[in-house]
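In what follows, residues are counted from 1 in the order of the sequence shown.
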Amino acid sequence: MNWQALMADIDRMFGWIPQWFVGLSLVAGAILLALLVYRVAIWLLGRAFGTRFPLLSVFIDRTAGPAQLALCLAAVALVLPLAPLDDAIRTPLMRLFVVAFIALIGWISIRIVDMSAARYLQNFRDVTENFVARKHVTQVRVFKRVTDTIIVVITISAALMTFDSVRQYGVSLFASAGAAGIIVGLAARPLLSNLIAGLQIAITQPIRIEDAVIIENEWGWVEDIASTYVVIRLWDWRRMVVPLSYFIEKPFQNWTRDTASLIGVIALHVDYRADVQRIRNWLEQAVKQSKLWDGEVVNLQVIDADARTIELRALVSARNAPQSWDLRCEIREKLVAFIRDEMPEALPRDRAILIPPGDDDADFVRRVTPPEKMRAGGRN
């Protein structure tokens with residue numbers, strides 16, 4: 001077969017088609033062919049190794065985007081020199097190719113960081129009670145977010161620097177270091193402060209994932225630590241978003257910093273006639289029967305007294321903050337029912353002395369005071 005004659009015939013038949021359209025069609029066809037090859041390759045790999053190597057499927061799913069982009073770039077790199085395009089179209093396509101290649105490198109870098117972090121965290125799945133797991137999960141998540149942010153910034157900067165106008169502007173901006181640099185620095189201060197705070201939190205760990213905290217008079221758990229903010233899951237399922245710098249600059253309460261166990265407080269006011277020892281014995285028995293008690297602390301003390309009542313404070317311990325709250329509510333409810341049913345004389349009450357009309361205070365005291373106390377008072 002005479003290929004030269006065939007190409008001449010094709011050129012004669014389709015010579016009316018513009019050259020730029022032919023070139024762009026070749027590029028688009030190469031991209032479609034690359035995506036088709038990727039689909040076929042994935043199907044063949046799934047049929048051959050999908051059941052025997054489940055991790056291969058996970059790897060393919062997480063690298064699907066970068067792999068498709070890499071194949072498309074390779075196809076364009078092969079076709080673009082052969083495409084009949086003039087410089088007015090070829091130059092923008094080459095620049096787009098370079099930008100896409102830089103984006104591919106950044107994308108692959110982020111995927112590598114994410115997969116490495118996920119693989120490392122597979123050894124620390126239980127973060128509720130395991131302090132070592134919570135420590136590692138917090139550090140890895142914060143470092144991963146910071147690393148991803150740095151990769152994105154570097155990738156965008158490298159892509160922009162491929163354009164002459166942007167590169168010259170950036171060089172002149174850094175060279176001047178004048179008012180524009182001050183404005184940019186002030187604008188980026190919150191972002192930079194939060195990024196640095198994230199690194200400090202990852203190293204010093206004032207908070208960890210699933211720590212129980214009280215912040216701005218709200219009680220909740222640390223649900224997520226991002227690169228610039230922390231998500232607090234409040235007890236009523238609301239979410240509070242707090243900047244990372246807050247945990248470095250302002251005080252807050254961390255209930256699970258060293259241990260998850262907590263001591264709950266139950267306060268109760270009773271009458272002066274209450275048998276405190278009997279209430280203490282009942283409290284010990286009731287707490288021991290509860291599944292929420294961790295077996296550590298149970299105590300009852302009289303901590304205050306006023307003109308009407310005495311104040312009792314019961315201390316009970318639990319394994320974590322939610323169980324401490326539930327245990328306090330359970331014991332408080334049972335304690336009120338016990339005093340109401342078994343010791344009604346301990347219920348708070350008001351006392352008053354009614355003086356009949358016509359009697360002054362001295363006459364009333366003489367009539368209600370026993371004679372022996374009156375004689376004893378007289379001898380004194």
Side-chain angles (χ1 to χ4, degrees), residues 62 65 103 106-107 109-122 124-157 159-160 181-260 262 320-322 325:
R62 295 193 176 184
W107 198 350
S109 301
I110 292 177
R111 287 298 186 186
I112 292 174
V113 173
D114 293 345
M115 288 188 293
S116 302
R119 181 65 183 87
Y120 180 77
L121 292 179
Q122 286 182 352
F124 307 98
R125 295 182 179 179
D126 184 14
V127 297
T128 303
E129 301 292 341
N130 192 335
F131 284 94
V132 177
R134 288 163 51 193
K135 175 181 178 180
H136 286 276
V137 169
T138 301
Q139 288 180 335
V140 171
R141 285 189 181 181
V142 172
F143 282 128
K144 184 179 76 68
R145 299 278 172 76
V146 173
T147 304
D148 290 347
T149 302
I150 294 175
I151 292 175
V152 170
V153 172
I154 293 176
T155 302
I156 295 176
S157 301
L160 292 177
I182 297 176
I183 294 174
V184 172
L186 292 176
R189 188 185 63 84
L191 176 62
L192 295 177
S193 63
N194 283 308
L195 288 176
I196 296 174
L199 295 176
Q200 289 179 290
I201 288 176
I203 296 173
T204 60
Q205 301 231 327
I207 57 173
R208 292 181 292 259
I209 299 296
E210 292 301 324
D211 268 351
V213 296
I214 294 182
I215 179 171
E216 299 292 332
N217 296 323
E218 296 282 0
W219 172 43
W221 297 266
V222 178
E223 183 177 56
D224 188 22
I225 301 178
S227 56
T228 57
Y229 61 88
V230 178
V231 179
I232 307 297
R233 183 179 70 253
L234 301 182
W235 65 273
D236 56 358
W237 297 352
R238 290 178 296 152
R239 298 299 191 271
M240 176 183 288
V241 180
V242 185
L244 276 171
S245 57
Y246 182 97
F247 296 92
I248 302 298
E249 300 172 354
K250 297 183 181 181
F252 63 95
Q253 296 185 36
N254 188 337
W255 288 11
T256 54
R257 177 66 179 85
D258 297 320
T259 177
L262 291 174
N320 50 50
W325 174 266

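Annotation: the span from Ile215 atom CD1 to Ile207 atom CD1 amounts to 8.0 Å, rounded to 0.5 Å. Taken to the nearest 0.5 Å, the OG1 atom of Thr155 stands 11.5 Å off from the CD1 atom of Ile150.
When side chains are defined from C-beta on, Val213 counts as touching Val222, because their heavy atoms get closer than 4.5 Å. For the pair Val230/Tyr246, no side-chain contact is recorded, criterion being any heavy-atom separation below 4.5 Å from C-beta on. With contacts defined as side-chain heavy-atom distances shorter than 4.5 Å, the pair Ser109/Val113 does not qualify. Looking only at side-chain heavy atoms (C-beta outward), Val242 and Phe252 stay at 4.5 Å or farther from each other.
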**Request:** Begin with the C-alpha distance, continue with both residues' side-chain angles, and end with the deciding distance and a verdict on side chain to side chain contact (heavy atoms under 4.5 Å, CB included) for Ile232 and Glu218.
**Result:** CA-CA 9 Å; Ile232 307 297; Glu218 296 282 0; over 6 Å; no
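Counting only residues at least two apart or in different chains, ring pair (Phe, Tyr, Trp, His ring centres under 6.0 Å) contacts with residues 199-243 comprise Trp219-Trp221, Trp219-Trp255. Within the structure, salt bridge (charged side-chain N to carboxylate O under 4.0 Å, His left out) contacts touching residues 221-231 (residues at least two apart or in different chains) are Arg145-Asp224, Glu223-Arg233, Glu223-Arg239.
The heavy-atom pair separating Thr256 from Glu210 by the smallest distance is OG1-O, 4.4 Å. Scanning all heavy atoms of the two residues, the minimum distance from Thr204 to Pro206 falls at OG1-CD, 3.3 Å.
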